[in-house]
Amino acid sequence: MNSVEHSNDFESFRQEIDDVERRIAGEIDPGARAMVVAGAVFVLLISLVLPHAGAARGFDVLLNTDASHAEHIGLPSKVFVWFTTIFAIGFSLLALMTRRWVLAWIAVAGSSIASVFGVLSIWHRQTPGINNYHGAGPGIGLILGAIAVIVLTFHWVRVVWSRTMLQLEAEEQRRIAAAQAEERDRRRLSGE
């Protein structure tokens, strides 16, 4: 076998390795954390049914109903509920079903913002408003939702930063192939 044929074989092998590595790099394997993520999403769904402040439930805040107006629901609570619904629930479910790394990262980003706004929402409900208005404090749904989204964010971060065995193996194969190509080129150039 001459060096040109060997080089062509190696290039096709390298292309195959690159394709496999790209495919594997785009996937996640949440393992046992998938159950924790699914449980946190379920708790978030329940928190939308429970009261967030006074008589205003999470769905009232989400849909901006009269109950949310009567309870003087502020911007932090509205942002929290929307980010929770879109990112913590929606993208988390999509990421779990498709196991796509990009969707998990979107879920992490949105859930982390929702975590901040969840804590701000609780604080906002405990702070007097204009003209020293004192409304209902934070409800069980708001507190439960804030805790669940923080737990969800923590577990999603652990999932997206972990490397699967397939990813590590593909990376090792790529290193071996690169070392072999470098050694072959070194021998060819030095005339060995």
Could you check if a side-chain atom of Arg57 sits within less than 4.5 angstrom of a side-chain atom of Leu62, using non-hydrogen atoms only?
->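 No - every pair of side-chain heavy atoms lies 4.5 Å or more apart.
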How about Asp185 and Glu182: do any of their side-chain heavy atoms sit closer than 4.5 Å?
->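 No, every pair of side-chain atoms sits at 4.5 Å or beyond.
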Check whether [X] reaches the backbone of [Y] with its side chain - one donor and one acceptor, N or O, closer than 3.5 Å.
X	Y	value
His52	Ser47	yes
Glu71	Ala55	yes
Thr127	Trp123	yes
Ser68	Ala56	no
Trp156	Ser92	no
Arg125	Ala53	no

[X] [atom1] to [Y] [atom2] distance, which is reported to the nearest 0.5 Å:
X	Y	atom1	atom2	result
Asp60	His69	CG	NE2	10.0 Å
Leu96	Arg33	CG	CZ	13.0 Å
Ile147	Ser115	CD1	OG	11.5 Å
Leu142	Ile73	CG	CD1	8.0 Å
Leu45	Thr85	CG	OG1	8.5 Å
Thr84	Phe117	OG1	CZ	11.0 Å

Are [X] and [Y] connected in the hydrophobic side-chain network, where two residues link if heavy atoms are under 4.5 Å apart?
X	Y	result
Val119	Ile140	no
Val43	Phe91	no
Phe83	Leu144	no
Leu48	Leu50	no
Leu75	Trp82	yes

Which heavy atom of [X] sits nearest to which heavy atom of [Y], and what is that distance?
X	Y	value
Gly54	Ala136	N-CB, 3.4 Å
Ser77	Val61	O-CG1, 3.8 Å
Gly145	Leu44	O-CD2, 3.4 Å
Gly74	His124	CA-CE1, 3.7 Å

Hey, can you pull the donor-acceptor pairs under 3.5 Å for the side chains in residues 105-113, sequence neighbours left out?
{"from": "Ser111", "atom 1": "OG", "to": "Ala107", "atom 2": "O", "distance (Å)": "2.7"}
{"from": "Ser112", "atom 1": "OG", "to": "Val108", "atom 2": "O", "distance (Å)": "3.2"}
{"from": "Ser112", "atom 1": "OG", "to": "Ala109", "atom 2": "O", "distance (Å)": "2.7"}

What residues, two or more places apart in sequence or in another chain, satisfy side chain to side chain contact (heavy atoms under 4.5 Å, CB included) together with Ala40?
->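 Partners of Ala40 under the side chain to side chain contact (heavy atoms under 4.5 Å, CB included) test: Leu152.
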Phe59: what forms a ring pair (Phe, Tyr, Trp, His ring centres under 6.0 Å) with it, not counting sequence neighbours?
->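 Residues passing ring pair (Phe, Tyr, Trp, His ring centres under 6.0 Å) with Phe59: none at all.
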Intermediate values then yes/no, side-chain contact (heavy atoms from CB on, under 4.5 Å), Phe42 and Ile46 | CA-CA 6 Å; Phe42 182 71; Ile46 290 174; 3.2 Å; yes
Go through the steps for Phe80 and Val149 under the test side-chain contact (heavy atoms from CB on, under 4.5 Å), then give the verdict.
-> CA-CA 10 Å; Phe80 168 69; Val149 81; 3.9 Å; yes
